[in-house]
Amino acid sequence: MLDLKFIRENPELVKQGIKNKNEKDRVDEILALDEKRRDLILQTDELKAKRNTVSQQVGQMKKSGQDASQIIAEMKNVSDQIALLDSQLNEVEEKLEDILMFVPNIPHHSVPVGKSSEDNVEIRQWLPEGFSFRKEDKFSDHIEIGKKLKILDFERGAKLSGSGFPLYLGKGATLERSLINFMLDYHLEYHGYSEIFPPFLVNRDSMKGTGQIPKMEEDMYYIEKDGLFPIPTAEVPITNIHRNEILNEKDLPVKYVGYSSCFRREAGSYGKESKGFLRVHQFNKVEMVKFVKPETSYDELEKLVNDAEDILKALQIPYRILMLCTGDLSFSAAKCYDIETWSPAENRWLESSSCSNFENFQARRANIRFRNEKTKKPEFVHTLNGSGLATSRLMVSLLENYQTPEGKVIVPKVLQKYTGFEIID
RNA sequence: GGAGAGAUGCUAGAGUGGUUGAAUAGGCUGGUCUCGAAAACCAGUGUGGCACUUGUUGUCACCGAGGGUUCGAAUCCCUCUCUCUCCGCCA
């Protein structure tokens, strides 16, 4: 959520930011409601002040045995007025809140202005030693590989739950589990994160806190009976750990890493991207979340990307880093890098990670602050998160890049101590 | 699922419907004392909104959340959430 005061003081900046995100701008509406709100506050505060002093008088009069019925009758009038104005104020504030919850974060000035993913900017590529884009070679795609080696079964997954619910078998299941454990261990050992194992179902307040709701509610699974949402990413529970809390400045940055299954309805996005692992309703992801001081958040973003990259370097999987343009940024993000891994069979890059700085957008929604040691005052933290990484797309790149001409798959060296085998055949 | 108890500041814990934004103790911060420390003593110690003469300013709101009663609510009433205890069920 954006600061109302900031919108009031920088309406043009906010309008431009929203426009660059291809979102509808309701700033004028907000400003009008804000003005009305402040006017009502002025009126009610004055009346309440009057009520407070007079009510005290009544107490004293009664104590000394005087008759206060005259004043009480007058005050009843005042109270009725207060009630009326208060209900108007509530209405205005609710309306304002409703609109504000739909206002996106505005992009950082370093983000290139653009309309869609076409305008994203490639920052760098990393390729393993000896790697080449061998377009002429015949590569099996991950679906063929999975079927042939009996490690992935999308048909039976669909039987169990519907399309988009992958079923892993045998060494495929072991590989998936190993990948998750490897990534967690790596971030714990080399990057200084603390491990979290979060709940996979969260309440509405948590979903609001990180910004999935209300705007993206249609894309979320929802268990009506209990009012709970299966999480679309571990970002939601992990960021909300500190909802309504004030952290110590000396504890920052707080860095968490956690695994979760991720559940996404992907409403309305069926199409050519939907085969196999490319778009699924349930997948596994290791997520990094940071709570940091405002002045450090952009440095922390770079480090976050590096942390995710280290995993791919260790796995020897080719990738590239994109800086998303304003039009491709998500609702809550101010700046975001995507990491895409190479799929030789698809002959293109696949998004495997997304690392974002939300500045204080989520912190304001979720009321996550720290106490500034100099000023002694609480301030909003900046929150960041990044996938480190999602296994589904990564598994596509892994299987395809590590396939042998005989149709087997070699297990990346760093994973072998986790899997207990070196080859899938 | 059934029965009961509770939710107050950083913590513990008090609070006859009327200077209670909140006693008291502990903690924390600063000071006195000390070569230094401890002890003792003194002082300070919430958040948010709004206004303007932007101030050691004024005012409003906040005692789990939301409603209600009242001139006046931490205190009375209703609903919800959470925590704890006992019983049942259970990985």
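Residue numbering restarts at 1 for every chain, and letters A, B, ... go by the order of the sequence lines.
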Partner nucleotide, any strand, of [N] [Watson-Crick/G-U, under 3.5 Å]:
N	answer
B:G30	B:C42
B:A22	none
B:U75	none
B:A37	none
B:A7	B:U81
B:G17	none
B:U70	none
B:C86	B:G2

Spacing of [X] atom [atom1] relative to [N] atom [atom2], expressed in whole Å:
X	N	atom1	atom2	result
A:Ile246	B:G9	CD1	C1'	12 Å
A:Lys48	B:G48	NZ	P	19 Å
A:Gln43	B:C50	CD	C1'	13 Å
A:Lys376	B:U47	NZ	P	12 Å
A:Ile41	B:G58	CD1	P	20 Å
A:Arg38	B:C50	CZ	P	7 Å
A:Met1	B:G49	CE	C1'	13 Å
A:Phe6	B:G49	CZ	P	16 Å

Rounded distance in Å between the [atom1] positions of [N] and [M]:
N	M	atom1	value
B:U75	B:C87	C1'	34 Å
B:U59	B:A22	P	14 Å
B:A74	B:G64	P	11 Å
B:U69	B:G27	C1'	40 Å
B:C71	B:U57	C1'	29 Å
B:U8	B:A14	P	11 Å
B:U34	B:G15	P	43 Å
B:G1	B:U20	C1'	42 Å

From the options B:C50, B:C71, B:C60, select the nucleotide whose nearest atom is closest to the side chain of A:Leu42.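 Ranking B:C50, B:C71, B:C60 by closest atom to the A:Leu42 side chain puts B:C50 first.
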Of the nucleotides B:G49, B:G67, B:A61, which has the atom closest to the A:Arg51 side chain?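 So the side chain of A:Arg51 is nearest to B:A61.
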For a quick test of reading the model: is some side-chain N or O of [X] closer than 4.0 Å to OP1 or OP2 of [N]?
X	N	answer
A:Arg371	B:G46	no
A:Arg369	B:G48	yes
A:Arg37	B:C50	yes
A:Arg8	B:C50	yes
A:Ser79	B:G72	yes
A:Asn52	B:C60	yes

For [X], which contact category applies under a 4.0 Å heavy-atom criterion: base, sugar-phosphate, or nothing?
X	result
A:Lys377	sugar-phosphate
A:Val58	base
A:Arg204	nothing

Run the side chain to side chain contact (heavy atoms under 4.5 Å, CB included) check on A:Tyr256 and A:Ile241 step by step: do they pass? CA-CA 10 Å; A:Tyr256 294 135; A:Ile241 287 174; 4.1 Å; yes
For the pair A:Phe283 and A:Phe277, evaluate ring-ring contact (aromatic ring centres under 6.0 Å, His included) and give the outcome as yes or no after the intermediate values. CA-CA 9 Å; A:Phe283 61 95; A:Phe277 270 135; 9.7 Å; no
Heavy-atom distance under 4.5 Å between the side chains of A:Asp307 and A:Tyr190, does that happen here?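 When only atoms from C-beta onward are counted, A:Tyr190 and A:Asp307 do not touch, as no gap falls below 4.5 Å.
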State, with a plain yes or no, whether a side-chain heavy atom of A:Gln316 is found less than 4.5 Å away from one of A:Lys413.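 Result no, sub-4.5 Å side-chain heavy-atom pair not found.
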Between A:Asp338 and A:Leu324 (side chain of the first, backbone of the second, donor and acceptor by atom type, cut-off under 3.5 Å), is there such a pair?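 Checked: no pair found.
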A:Thr404 side chain to A:Tyr402 side chain, donor-acceptor N/O pair below 3.5 angstrom: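 Side chains of A:Thr404 and A:Tyr402: no pair found under 3.5 Å.
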Go nucleotide by nucleotide along RNA chain B from the 5' end; which of A:Met75 and A:Thr53 gets its closest nucleotide reached first?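 Nearest-nucleotide comparison on RNA chain B picks A:Thr53.
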When you match A:Glu93 and A:Ala49 each to their closest nucleotide on RNA chain B, which lands nearer the 5' end?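 On the 5' side of the pair lies A:Glu93.
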State plainly whether the residues A:Asp34 and A:Arg37 are in salt-bridge range, i.e. N to O under 4.0 Å.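 Salt bridge between A:Asp34 and A:Arg37, a charged N being under 4.0 Å from a carboxylate O: yes.
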Atom CD of A:Gln70: over 12 foreign heavy atoms under 6.0 Å: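 Counting other residues, nucleotides and ligands, CD of A:Gln70 stays at 12 neighbours or fewer.
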